[in-house]
Protein chains: 2
Amino acid sequence: MSDCSTCIVRNRAICASLNAEELAILGKMGRRQRVKAGQTLLWEGDDAPVVANVLAGVLKLAVSTADGREQIVGIVFPSDFIGRPFGKESPYSVTAMTDADVCIFNRNSFDAFAGTHLDLQQKLLRRTLDELDRARHRMMLLGRKTASEKVASFLLEISERLSGYGCAPERHGRFELPFGRQQIADILGLTIETTCRQLTRMRSDGVLDLPSRREVVINDRAAMEAMAG
Amino acid sequence: MSDCSTCIVRNRAICASLNAEELAILGKMGRRQRVKAGQTLLWEGDDAPVVANVLAGVLKLAVSTADGREQIVGIVFPSDFIGRPFGKESPYSVTAMTDADVCIFNRNSFDAFAGTHLDLQQKLLRRTLDELDRARHRMMLLGRKTASEKVASFLLEISERLSGYGCAPERHGRFELPFGRQQIADILGLTIETTCRQLTRMRSDGVLDLPSRREVVINDRAAMEAMAG
DNA sequence: CGACCCTTTGATTGCTGTCAATTATCGTGG
DNA sequence: CCACGATAATTGACAGCAATCAAAGGGTCG
């Protein structure tokens with residue numbers, strides 16, 4: 001059982017739609033769990049007996065081909081929802097990219113609860129619609145953008161999303177990536193080498209700085225927006 | 001006002017969740033409209049005052065860059081739902097690829113109605129989740145598959161989806177594409193030339209036949225599945 | 001029959017992937 | 001604290017796939 005009243009995402013997660021009484025019921029169903037970076041919570045194609053809210057950390061949703069190519073199809077931040085309500089198999093794997101805390105529910109119990117709570121379901125619907133918009137936006141990126149456009153678009157989107165969670169001071173011009181180069185490549189449908197070269201070129205063009213492996217400073221946001229296509 | 005009792009998608013569209021009384025209310029809100037092939041219903045970035053059900057025909061959801069590149073981010077078949085509930089702007093354009101019939105609702109009225117009808121909202125949620133799965137599946141295709149894998153995957157997916165609507169006799173080995181080569185290219189993130197070459201190669205390999213511009217016959221489904229990656 | 005559009009085919013370019021080697025960073029243990 | 005090994009990132013050379021540019025073929029519709 002979880003103590004929802006002290007939950008750090010209480011007001012941003014789907015639970016925000018619930019009153020104290022409902023929260024108590026849902027709270028009894030949930031349990032908190034810590035996930036280490038690199039650990040996989042759900043496997044692509046496997047039965048997915050759980051859904052969850054993210055309390056802290058960043059996770060990736062990924063699809064793989066038989067020969068090992070990976071495409072990251074979603075990135076999940078604190079207060080986001082994980083899992084596939086009303087569906088048995090998980091169509092993608094869910095893996096922690098940083099150490100993470102999640103609030104896990106049995107899927108069947110959650111489905112039943114959601115089925116009788118209109119507000120919760122509406123929150124879920126809105127989130128799913130937003131996520132669908134993001135997915136479609138990224139389809140354009142994957143299908144029609146060049147390597148430099150991809151990297152520029154990616155940096156802008158990430159700086160936006162990170163700023164929404166209070167992780168980015170300085171008008172989100174500076175931020176820390178929650179993932180390495182290979183994972184950026186897997187998000188953008190590029191190789192690590194191409195990703196790297198684009199970043200290097202942007203740095204030598206003065207558009208950004210790379211103070212450390214995971215830090216990014218956007219010097220010229222306008223230029224980067226132009227580059228994003 | 002529409003006569004829902006004679007609606008051809010009555011049992012497959014989201015309306016299937018409604019009883020006679022509810023249907024009468026929603027029916028009063030909706031109006032049928034014919035859309036000619038090529039005509040655009042909603043424009044990317046514009047205010048989208050309507051949502052709709054597709055009664056007949058096939059429509060595309062597309063995103064474009066400033067310099068004219070297009071990526072098709074969704075394909076909509078009869079009984080599918082169009083539009084963005086709970087959101088003002090349409091994040092993509094909606095254009096008919098064949099002559100089509102749609103059942104249109106004012107978005108605000110529909111949102112209000114959906115907000116008080118749990119079953120309808122649940123149907124909408126399920127559909128949105130399915131569409132999100134498809135979108136993510138296609139992100140893998142766009143980001144990580146080769147041209148031949150893309151074309152093979154595409155033909156298999158389309159033959160599946162068409163068979164779901166009674167458009168494909170002969171164990172869906174033969175079917176008619178509801179779109180031309182350029183649109184296939186826009187779905188797959190390829191150029192029309194590359195798309196064309198892949199199809200030609202598959203034909204000369206004997207995997208498929210192309211009796212006419214829009215007809216496809218899959219001769220060797222196993223080979224095509226192997227090719228799809 | 002002719003104009004137009006869509007499709008197909010061909011030649012060439014170039015972006016990105018692949019393969020390989022070097023450098024930088026981080027964690028670990030002496 | 002430093003040395004070391006392991007892992008991640010970067011850079012370079014080269015190849016190949018798909019894009020681009022160009023032209024011809026095939027259907028359709030007036």
Side-chain angles (χ1 to χ4, degrees), chain A residues 36-38 60 65 67-71 97-99 140-155 176-205 208-216 227 229, chain B residues 36-38 60 65 67-71 97-99 140-155 176-205 208-216 227 229:
Chain A
K36 286 257 172 251
K60 66 175 178 181
T65 56
D67 60 345
R69 285 170 285 177
E70 174 170 305
Q71 176 65 50
M97 295 206 278
T98 65
D99 288 347
M140 154 57 82
L141 178 148
L142 291 168
R144 291 302 189 200
K145 291 195 174 180
T146 64
S148 55
E149 288 172 333
K150 285 181 178 180
V151 173
S153 306
F154 164 77
L155 291 174
E176 186 176 334
L177 296 169
F179 23 65
R181 295 286 187 270
Q182 180 60 60
Q183 288 170 326
I184 299 176
D186 288 339
I187 291 166
L188 300 178
L190 298 171
T191 58
I192 186 172
E193 294 94 332
T194 300
T195 305
C196 206
R197 273 186 257 269
Q198 296 302 330
L199 286 171
T200 306
R201 198 155 67 81
M202 286 182 182
R203 189 187 48 185
S204 50
D205 289 351
L208 54 74
D209 283 329
L210 302 167
S212 75
R213 280 188 173 180
R214 302 208 160 189
E215 274 178 300
V216 178
M227 218 183 288
Chain B
K36 286 259 173 248
K60 67 175 179 182
T65 56
D67 60 346
R69 284 169 286 176
E70 174 171 306
Q71 177 65 50
M97 295 207 277
T98 66
D99 288 347
M140 155 55 84
L141 178 147
L142 290 167
R144 290 301 188 200
K145 291 195 175 180
T146 64
S148 57
E149 288 173 332
K150 284 180 178 180
V151 173
S153 307
F154 165 76
L155 291 174
E176 187 176 334
L177 296 169
F179 23 65
R181 296 287 186 271
Q182 180 61 60
Q183 288 171 325
I184 299 176
D186 288 339
I187 291 166
L188 300 179
L190 297 172
T191 59
I192 186 172
E193 295 93 332
T194 300
T195 305
C196 206
R197 273 186 257 269
Q198 297 301 330
L199 286 171
T200 306
R201 197 152 68 80
M202 287 180 181
R203 190 186 47 186
S204 50
D205 289 351
L208 54 75
D209 284 328
L210 303 166
S212 75
R213 281 187 173 180
R214 300 209 161 188
E215 275 178 299
V216 178
M227 218 183 288

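Numbers restart at 1 for each chain; the letters A, B, ... are given by sequence-line order, proteins then strands.
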- prompt: How is Ser212(B) classified with respect to the nucleic acid when contacts are heavy atoms under 4.0 Å: base, sugar-phosphate, or nothing?
  reply: nothing
query: Hey, where on DNA chain D does chain A first and last touch, going 5' to 3'? Cut-off is any atom under 4.0 Å from a heavy atom.
result: dA8(D) to dA13(D)
- prompt: For the pair made of CD1 in Ile192(A) and C1' in dT23(C), what is the distance, rounded to whole Å?
  reply: 14 Å
message: Report for the helix from dC1(C)-dG30(D) to dG30(C)-dC1(D): angle between first-end and last-end helix axes, five pairs each, rounded to 10 degrees.
response: 40°
query: Just checking Leu190(A): base, sugar-phosphate only, or nothing, at a heavy-atom cut-off of under 4.0 Å?
result: sugar-phosphate
Among dT8(C), dT18(C), dC5(C), the one nearest Thr200(B) by side-chain distance: dT8(C)
task: Would you kindly give the CD-to-C1' distance between Gln183(B) and dT7(C), to the nearest whole Å?
output: 14 Å
query: Which listed nucleotide (dA20(C), dC5(C), dT16(C)) is nearest to the side chain of Arg213(B)?
result: dC5(C)
query: For the pair made of CZ in Arg201(B) and P in dT9(C), what is the distance, rounded to whole Å?
result: 13 Å
message: Looking at the base of dT18(C), is there any donor atom on it, or on the side chain of Arg197(A), that sits under 3.5 Å from an acceptor on the other one?
response: yes
message: So for Gln182(B) and dC5(C), does any side-chain atom that can act as donor or acceptor lie under 3.5 Å from a complementary atom in the base?
response: no
- request: Mind checking Arg181(B) for me? I need base, sugar-phosphate or nothing, with any heavy atom below 4.0 Å counting as a touch.
  value: sugar-phosphate
Nearest to side-chain heavy atoms of Thr194(A), which nucleotide of dT7(C), dT16(C), dC19(C): dT16(C)
